[in-house]
> 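Below is the structure I would like to discuss, written out as structure tokens.
Letters A, B, ... are given to chains in the order of the sequence lines, protein chains preceding strands, and every chain is numbered from 1.
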Amino acid sequence: MKRCFFLLRGVLTLLVLGMLVTSAWASDALMDRMADFDPSNPVVPKGDTIKIGHLNPFSGPAAMNGELYHIALHWVAHDLNKQGGVMVDGKLKKIEIIKGDTMSKPINAKKAAERLILGDKVDLLWGSTGSHISLVCQQTAAKYKKIYVSALSISDSLMDAENFNRYTFHTPWTTSQAAKSLAYFYAKRPEKKFYILCQDYSFGHALAEKFKGYLKEFRPDAEIVGEDYHPLFTKDFAPYLEKIKASGAEVIFSGDWMPDSVNLLKQSRDSGLNLPFANMYMDDPITLGVVGVEGSAGLVNANQYMINDMDPRTRELNKVWNHLHDSKWEEPYNSSLYVWPLGVVASAINTTYWMMDVVERAGSTDPEKIIATWEGDKYNSFAGVLEMRACDHVTVRDTYVSEFSHPAKWFDNFSYIDKIVTVPSYVVEPPLPEGLDRCKK
Amino acid sequence: MTKIWIKTLAAIILIGLLIAFPKVMGVLNTNIFIGFAIMALFAVSLNLMLGYTGLLSFGHAMFFGLGAYTTALSLKHIDNLPISMALLLGVLGAVVCAVIVSPLLVRLSGTAFSMLTLAFGQLMYIVCLKFREVTGGADGLGGFPVPDLKIPFTGGIDMTDPVNFYYFAITVLGGCILLIWRFTKTPIGSVMISIRDNDNRVDYLGFHVPSVKSLVFIVSGGFAGAAGAIYALFQNMVSTDGVLGLFTSFNPIIMTIIGGVSSFTGPIIGAGLLTILEEFLLRYTDRIALFNGLVLILMIKFAPGGIMGIWDGVYRKWFKRRTLS
């Protein structure tokens, strides 16, 4: 009996040691591959490559978004290129990223997408922030029969019966998942007076409508004490903040993304309004650093990925990324925004690995082969299992919510993610689009 | 006689080049050319007011935008609407708008006229932005059906095909530019120029200046609406920033100034130059407006007559002297 116990202990010790060695080796492998990664001057292979058109704003008030996702795409490209590339059409091909500036305007987005498809002859299009911009990109991609990976915008309407097309795959979470995650979180909380402040375009309105609906479902006694929509890229939030102060709200619900999220949070704290924001994009370290520990305490952030060290792959990613940031990266990637691979950036990295995995399994950049491979596909990512729903090309996934507190593991100078509440995919599964024949069984 | 032959030959060569363009230059350049042709018509329509009548409008985008929105909305909401009708409705929308606002504008001139057009343009922009249930707000309207062009006895021509659309757009836009050119050659065209030079004298001669200004305003608005309608069909997308924004009003002004205000072809050349400049610069930078501004400053400083002014100078200096000698 005692011998058996010792034997078992020995085996277990060996197993643990083995795992540690494998993990260290894997970590070193990623470190080796990424050691020369410089997002400010990425290595762009030429010749017979897989060309990915990156559609995002690279100029104008939302240019920061282009910069943010530029690093995500190049991270994946660099990593896979260092491994030799991706096997398509019987040979290993490297990945080439080509920028297309949408300038956050629908018409510029269309021109940029056409230039990438017709001029640069890209194999896939990837983008874009702003659901109205993303819609133009997916319509243009469908016109020229190119795959468009809608990786950033989250409106449900992008893949509804009116806008669905076979060439678009929606990899991030959706408006309904985001709204439901936050409503689910507030079901067990004492706050019940909400003020809605969103951006005045399809996404902002859709998000607000969904949140109101789900709040009624999870928290029937909750009250919406006010509702406002501000133009995109508003510089002065004072009129909205005054109304919120007078409304008696306990929580401000906002789906604002940069730069609006940044300005809104800063200005609210400057004006003495210290209410918590139930949000999706107020997790960037620059803004949080400005508002400090108290200004960021109590913010409730919902996201499709939250930085953690629970999965060996995320540990590895965090370690390598942080090391490169501290030792190597230059402007603008040496700022506090890029200390860790956070929320949307890490999520973009995650789904880009999925996209390239699909391309490799399809063995081709032929849109029809990619469609056949990706529909119904399940991918075990570092942000949980992702499933591409076959009928409407929407990703089914777990989502996460956290209330910022201090001290937090990742940052010292402001409150940040502490306990993460996982909202399981069966709770937040996006509703099937009404009227889409493909989804009728 | 020789001159007529040269002109006829030049026209035949031009038409031949336009027909061959998509085959030779590919779809991307064809699309760029359509974009240029739309802006050329828009700028030429503006120049009817600016160059010919001396009225600087900072709100010309309201006609362009109304043409675009009317066409987009009619295609979205009216089943089986022929493309020609959608186009005409776009023109009509712009004309109606011009008829409504012209009484408020035509008795003004100079800064007051410019500022009031700017105000109307911005008013239209805000109305479309806020009336999101109809116009789509900041999201714009996209994905509306673009019907086939129905020609009797030939069946329909697919207008979603970029090459087919190119021939349709170039025919319409070219036709509109020719009509504007004919309009400037009518007696009204002469009165317009007289108003620009001295409206008091035109008044003493017995012409009712506000009526002429009103007519120019409506004609100019109608053709800007036609450009907007083609734009909507071409992009299959209209958005407030794209068709009603401040820069949509400024662009034809910049094009006209760069090309030459005092010439009919100036705005077309200006549109062409800025299109080429944009396509060239986009390979290196996204700061297009910076370069456009720089070109504008240089033009105003060193060649206030625009490219056509430079050409006139060169022509007078070299060709006329040679002819005399």
> Counting only heavy atoms closer than 4.5 Å, note whether A:Asp101 contacts chain B via side chain, backbone, both or neither.
side chain
> For the CG atom of B:Asp161 and the NZ atom of A:Lys143, what is their distance to the nearest 0.5 Å?
9.0 Å
> For the interface with chain B, which of A:Lys110, A:Glu114, A:Glu162 has the highest count of heavy-atom pairs at distances below 4.5 Å?
A:Lys110
> Could you tell me which non-hydrogen atom of A:Pro106 sits nearest to which non-hydrogen atom of B:Met237, and how far apart they are?
CB-CE, 3.5 Å
> Should we say atom CZ of A:Phe233 is surrounded by more than 12 heavy atoms from elsewhere, each under 6.0 Å from it?
yes
> Is it true that, when you exclude B:Asn80 itself, more than 12 heavy atoms of the residues, nucleotides or ligands shown sit nearer than 6.0 Å to its CG?
no
> Before you tell me yes or no, could you show the steps for B:Ile32 and A:Lys111 under side-chain contact (heavy atoms from CB on, under 4.5 Å), namely the whole-Å CA-CA distance, both residues' side-chain angles and the distance that decides it to 0.1 Å?
CA-CA 9 Å; B:Ile32 292 168; A:Lys111 284 183 187 171; over 6 Å; no
> Distance from A:Asn108 atom CG to B:Ser239 atom OG, nearest 0.5 Å?
8.5 Å
> Can you say whether A:Lys99 sits under 4.5 Å from chain B via the side chain, the backbone, both, or neither, judging by heavy atoms?
neither
> Considering only heavy atoms from C-beta outward, does the side chain of B:Gln235 approach that of A:Ile107 to under 4.5 Å?
yes
> With a cut-off of 6.0 Å (strictly less than), are more than 12 heavy atoms of other residues, nucleotides or ligands near CE of B:Met159?
yes
> Given heavy-atom pairs under 4.5 angstrom as the criterion, report whether the side chain, backbone, both or neither of B:Thr160 touches chain A.
backbone
> Select, from A:Lys105, A:Met103, A:Gln199, A:Arg115, the one with the greatest count of heavy-atom pairs under 4.5 Å involving chain B.
A:Arg115
> Can you tell me which of B:Gly143, B:Gly35, B:Gly137 forms the most heavy-atom pairs within a distance under 4.5 Å of chain A?
B:Gly143
